[in-house]
Visitor: 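My questions will all concern the structure given below.
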Amino acid sequence: MSLLRWAGTTVSVLAVVAVAGVAFAWRGSIEPVTRPDPASFDPAEVRRGAELAAVGNCIACHTVPGGQAFAGGLALPTPFGTIHSTNITPDEETGIGTWSEAAFQRSMHEGVDRSGAHLYPAFPYDHFTLVSEEDNRALYAYLMTRAPVRAEAQANDLPFPLNIRMMVAGWKLLFFDEGRFAADAAQGDDWNRGAYLAEGLGHCGACHTPRNALGARKAGAEWSGGEAEGWTAYPINALSPAPVPWDAEALTFYLRQGWHPEHGVSRGPMAEVTGNLGLLPDSDIAAIAAYTASRMGEPDAARMAQAETAREA
Ligand code: HEC
Ligand code: HEC
């Protein structure tokens, strides 16, 4: 299919669904508040929020290299055009200073801003929707106690009609399920902690999953490998191509140190991920590693033999 026809189809599908979605997806504005006094937040909660923000990699997308932390403006290229991240410092005019906790909770869970406008899924709320209210409260405490930075939002560069935010309602109807994390009773606490962090805030699947023509994660292909900022994000499920199969121990080392003797250095966007994870307690890293290892499964005899050859080489 030619690119133009593809784009045309994409747009008409979204337009039809957007119209259907309007009635369903209408979200009202949440009243602005005066910026909460930073001293009103519990310091322990703020510290927890800092760890959670590291898991969510918020700073990577919301900071221009060399710029002020969380002030937004980073250009994120998508197949549809360029989307700029927003200022999430508590500046009252250009950031989220007038957002109540409820408005923040809604943005993480539903991908809607304070005024009720739909946010583009370049903001990975299709993962963040799994985050608990409690963790969002800590994230809010962390963000609202950062220094406010005045930085106007950059205009997005999206073609008509994708520049109309109501189109996102159509996308959500097709691809977005709001919902909190549900623990798997058949698994232990560690595994569930790892699943919660990896599938939710950690949004590993945002980079490690292939996308369909409308930019959504391909159904049934979770963690089968994707692309991030021009880098290949290898499969991290049973399709893992690693010459030496990963196990929980190697994953813990890699996620903690940013490299592993048998797997090399984490580069590009993954270097940011492992750099940020450095803030986490060992138990959380081990939990993410245990969950990831279980998704990769036990390597079969052929892969074990391949590993031996790779180790000897
Ligand atoms: C992969 C990149 C990416 C990551 C990671 C990311 N964001 Fe964002 N975020 C964006 C983009 C892009 C937008 C703007 C979307 C739009 O304009 O529709 C955004 C918008 C937002 C908004 C709405 C702000 C507004 O003014 O409307 C909030 C709140 C937010 N992000 C918080 C966070 C938090 C908290 C984290 C970490 C837990 C985070 N983001 C991680 C890309 C990202
Ligand atoms: C922003 C995009 C992005 C996110 C988010 C991300 N990754 Fe990655 N990941 C990558 C890229 C790109 C690579 C390849 C890095 C390289 O070539 O050195 C990679 C590599 C890896 C590898 C090494 C794979 C191999 O076989 O060499 C593992 C393991 C991994 N990621 C796990 C995770 C886990 C677990 C998470 C969630 C906590 C995660 N990643 C989140 C982009 C991402």
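Atoms within each ligand, like the ligands themselves, are counted from 1 in listed order.
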Visitor: To which of V244, T232, V273, I285 does the heavy atom nearest atom 14 (C) of ligand 2 belong?
Guide: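 Among V244, T232, V273, I285, the closest heavy atom to atom 14 (C) of ligand 2 belongs to T232.
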Visitor: Based purely on interatomic distance, does V265 place a nitrogen or oxygen under 3.5 Å from a nitrogen or oxygen of ligand 2?
Guide: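 There is such a contact, yes.
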Visitor: Can you confirm whether the side chains of N192 and Y291 place a donor and an acceptor under 3.5 Å from each other?
Guide: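 No, no side-chain donor-acceptor contact under 3.5 Å.
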Visitor: Can an N, O or S atom be found in H208 less than 2.8 Å away from atom 8 (Fe) of ligand 2?
Guide: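 Of the N, O and S atoms in H208, at least one lies under 2.8 Å from atom 8 (Fe) of ligand 2, which means yes.
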Visitor: Is the closest heavy atom of N57 to ligand 2 under 4.0 Å?
Guide: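 So N57 does not count as touching ligand 2.
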Visitor: Under 3.5 Å, is there a donor-acceptor pair linking the side chains of R27 and H118?
Guide: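 No donor-acceptor contact under 3.5 Å links the two side chains.
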Visitor: Please confirm whether Y140 and W99 have ring centers closer than 6.0 angstrom.
Guide: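 No: the rings miss the under 6.0 Å criterion.
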Visitor: Return the option from Y142, F70, W99 holding the heavy atom at the smallest distance from atom 23 (C) of ligand 1.
Guide: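 Closest candidate by heavy-atom distance is W99.
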Visitor: Please state whether Y125 comes within less than 4.0 angstrom of ligand 1, counting heavy atoms only.
Guide: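 So Y125 does not count as touching ligand 1.
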Visitor: What I want to know is whether N87 and ligand 1 share at least one N or O pair that is separated by under 3.5 angstrom.
Guide: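 N87 vs ligand 1: no N/O contact under 3.5 Å.
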Visitor: Answer with yes or no whether L197 contacts ligand 2, where contact means a heavy atom under 4.0 Å from a ligand atom.
Guide: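 L197 does not count as a contact of ligand 2 under the 4.0 Å cut-off.
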Visitor: Hey, is there an N, O or S on Y234 sitting under 2.8 Å from atom 8 (Fe) of ligand 2?
Guide: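 No N, O or S atom of Y234 is closer than 2.8 Å to atom 8 (Fe) of ligand 2, so no.
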Visitor: Please state whether S107 comes within less than 4.0 angstrom of ligand 1, counting heavy atoms only.
Guide: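 Right, S107 reaches ligand 1.
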Visitor: With a 4.5 Å cut-off on side-chain heavy atoms, are T129 and E110 touching?
Guide: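 SC-SC contact between E110 and T129 ruled out.
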Visitor: Looking only at heavy atoms, is any part of R114 under 4.0 Å from ligand 1, and if so is it the side chain, the backbone, or both, or is it neither?
Guide: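 For R114, there is no contact with ligand 1 at all, from either part.
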Visitor: Would H203 count as being in polar contact with ligand 2, using the rule that some N or O on each side must be under 3.5 angstrom apart?
Guide: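 By distance alone, the answer is no.
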Visitor: Give a yes/no verdict on a cation-pi contact between R295 and W223, requiring under 6.0 Å between NZ or CZ and the six-membered ring centre and an angle within 45° of the axis.
Guide: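 Yes, R295 sits over the ring of W223.
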